[in-house]
Amino acid sequence: MSMKRVANFCIDNTVKDTALIANSSIRGFVMVSNVESEGKISAPMVQVRLQHVTCMEDAALFITLSAAIDLIIDAYLEAVSYNSLQYAKSLEIAAIGKDVWVFDIDETLLSMAPFFAAKGWGSEPYEKATWIEWQEEGPQPALPASLNLYKELQQLGFNLILITGHLNLAPSEVDTPATIYKSQKRKELEDEGYKIWGSSGDQWSDLMGFSQAKRSFKLPNLMYYIA
């Protein structure tokens, strides 16, 4: 495992003995691994306490797996961005603003990692009101690969459209399934004469349905699924 990806290890001897500790040869073991790479926002801090492991090998495997997942997600995001850009460069678009690329926002352009970190990475129930409050506190961090793609598409002359199901919904749209809602928004664009060449999203509901883009690009999301 690359030490560039794993920054901090420590042993905490302040953990009080429990029945589990009494049956273990390891005393007061805590490992903290920062698997955040340079410039990356979404990687979690991994913490392993004695209660989570039965031996040192279990802890090492847990840390290694966490770092490996981080590497895989990084590579996946970069690959999606690269393939999207290569496709975009192959197109001939007009200079009248009718050639569109559609983006979702959450976990496509912006990272929700700080919100999930504050909520124990899924260990606490999701509450929409809490989510809205967090959004209103300030801007979310951008996902670097998606931000680079966004800027490149701007340079190529695409009209970039953001479609999200979280903000500014009309009362009649609140209970509409995401696939239907986003399809309807794409249909409105088509009816106005726009051509949707590409679409990027972390959920299949961002991409499927009717009035689909000529090509769709799926980003990974390990935290939640929206039908």
Side-chain angles (χ1 to χ4, degrees), residues 37-43 72-115 131 135-136 138-170 173 176-227:
S37 61
E38 183 178 357
K40 182 173 170 58
I41 302 296
S42 61
I72 291 169
I73 295 299
D74 265 353
Y76 195 145
L77 290 169
E78 291 291 345
V80 172
S81 178
Y82 174 82
N83 290 331
S84 301
L85 185 56
Q86 294 307 303
Y87 163 68
K89 287 181 176 179
S90 73
L91 302 172
E92 294 184 7
I93 63 174
I96 57 175
K98 291 293 185 178
D99 296 293
V100 164
W101 196 289
V102 172
F103 281 95
D104 174 53
I105 297 180
D106 299 324
E107 297 302 340
T108 299
L109 289 174
L110 302 179
S111 173
M112 291 174 58
F115 173 79
W131 157 243
Q135 282 191 317
E136 292 176 346
Q140 298 166 243
L143 292 168
S146 295
L147 178 60
N148 290 339
L149 173 62
Y150 188 95
K151 291 178 178 178
E152 292 280 0
L153 293 175
Q154 278 186 320
Q155 292 296 317
L156 291 173
F158 284 91
N159 189 348
L160 306 180
I161 305 294
L162 309 183
I163 300 179
T164 178
H166 264 132
L167 302 174
N168 301 321
L169 296 182
E173 297 172 332
T176 304
T179 302
I180 300 300
Y181 169 76
K182 296 200 171 187
S183 294
Q184 290 172 340
K185 294 302 178 183
R186 292 194 299 267
K187 181 64 165 60
E188 291 174 8
L189 291 172
E190 290 182 338
D191 291 344
E192 293 175 12
Y194 293 97
K195 188 168 187 177
I196 306 174
W197 289 102
S199 182
S200 300
D202 66 293
Q203 302 288 325
W204 289 114
S205 56
D206 297 331
L207 311 172
M208 305 301 288
F210 53 90
S211 296
Q212 294 181 26
K214 296 297 181 183
R215 280 193 65 179
S216 297
F217 296 87
K218 173 71 167 62
L219 284 74
N221 186 330
L222 302 183
M223 290 303 301
Y224 61 90
Y225 172 79
I226 299 176

J.: Which heavy atom of Ala142 sits nearest to which heavy atom of Leu110, and what is that distance?
T.: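 Closest approach of Ala142 to Leu110, heavy atoms only: CA-CD2, 3.9 Å.
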
J.: Among Leu160, Asn159, Ile93, find the one that has a side-chain contact (heavy atoms from CB on, under 4.5 Å) with Val100.
T.: Asn159

J.: Provide the full list of side-chain hydrogen bond (donor to acceptor under 3.5 Å, both in side chains) pairs with a residue in residues 214-227, sequence neighbours left out, each pair given once.
T.: Asp202-Asn221

J.: Tell me whether Met223 at atom CE has more than 12 heavy atoms from other residues, nucleotides or ligands lying less than 6.0 Å away.
T.: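 Yes, because the 6.0 Å sphere around CE of Met223 holds more than 12 heavy atoms from other groups.
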
J.: Going from CG on Leu222 to CD1 on Ile73, what distance comes out if it is rounded to the nearest 0.5 angstrom?
T.: 4.0 Å

J.: Closest approach of Ala213 and Gly198, non-hydrogen atoms and distance?
T.: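 It is CB-C, 3.6 Å.
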
J.: May I have all residue pairs that pass side-chain hydrogen bond (donor to acceptor under 3.5 Å, both in side chains) and include part of residues 186-195, sequence neighbours excluded?
T.: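 Qualifying pairs, neighbours excluded: Ser183-Arg186, Lys187-Asp191, Glu190-Ser211.
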
J.: Is there side-chain contact between Leu147 and Lys151, with heavy atoms separated by less than 4.5 Å?
T.: yes

J.: Of the non-hydrogen atoms in Ala88 and Leu156, which two are nearest, and what is the gap between them?
T.: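 Between these two residues, the closest heavy atoms are CB-CD1, 3.9 Å.
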
J.: Can you list the steps and then say if Ser199 with Asp206 is a side chain to side chain contact (heavy atoms under 4.5 Å, CB included)?
T.: CA-CA 8 Å; Ser199 182; Asp206 297 331; 5.7 Å; no

J.: Should Ser205 and Pro177 count as side-chain neighbours, where that means a heavy-atom distance under 4.5 Å?
T.: no

J.: What pair of heavy atoms forms the shortest contact from Leu149 to Ser84, and how long is it?
T.: CD2-CB, 3.7 Å

J.: Pairs in or reaching into residues 85-100: which pass side-chain hydrogen bond (donor to acceptor under 3.5 Å, both in side chains), with residues at least two apart or in two chains?
T.: Asp99-Trp197

J.: Once you round to the nearest 0.5 Å, how far does OG1 of Thr164 lie from CG of Leu162?
T.: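 Nearest 0.5 Å value for the OG1-CG distance: 8.5 Å.
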
J.: In the structure I gave you, are the side-chain heavy atoms of Thr179 and Trp204 within less than 4.5 Å of one another anywhere?
T.: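 SC-SC contact between Thr179 and Trp204 ruled out.
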
J.: Using a 4.5 Å cut-off on heavy atoms from C-beta on, say whether the side chain of Glu78 contacts that of Tyr82.
T.: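 Side-chain contact under 4.5 Å: no.
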
J.: Taking the side chain as C-beta and beyond, is there a heavy-atom pair between Asp104 and Lys182 under 4.5 Å?
T.: yes

J.: Take the angle between the ring planes of Tyr150 and Phe103 and call it parallel below 30°, perpendicular above 60°, tilted in between.
T.: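 Correct class here is tilted.
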
J.: Report the distance from atom CD1 of Ile180 to atom CZ of Phe210, rounding to the nearest 0.5 Å.
T.: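 Interatomic distance, Ile180 CD1 to Phe210 CZ, rounded to 0.5 Å: 5.5 Å.
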
J.: Does Leu77 offer a backbone N or O that forms a donor-acceptor pair with the side chain of Ser81 under 3.5 Å?
T.: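 Looks like no, no N/O pair under 3.5 Å.
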
J.: Between CG of Leu109 and OG of Ser200, what distance do you get to the nearest 0.5 Å?
T.: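 It is 7.5 Å, given to the nearest 0.5 Å.
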
J.: Considering only heavy atoms from C-beta outward, does the side chain of Met112 approach that of Trp131 to under 4.5 Å?
T.: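 Yes, close enough: below the 4.5 Å cut-off.
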
J.: Hey, what do you get for OG1 (Thr176) to NZ (Lys185), rounding to the nearest 0.5 Å?
T.: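 Answer for the OG1-NZ pair, Thr176 versus Lys185, is 9.5 Å.
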
J.: How close do Leu143 and Ser111 get, counting heavy atoms only, and between which atoms?
T.: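 Looks like CD2-CB, 3.8 Å.
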
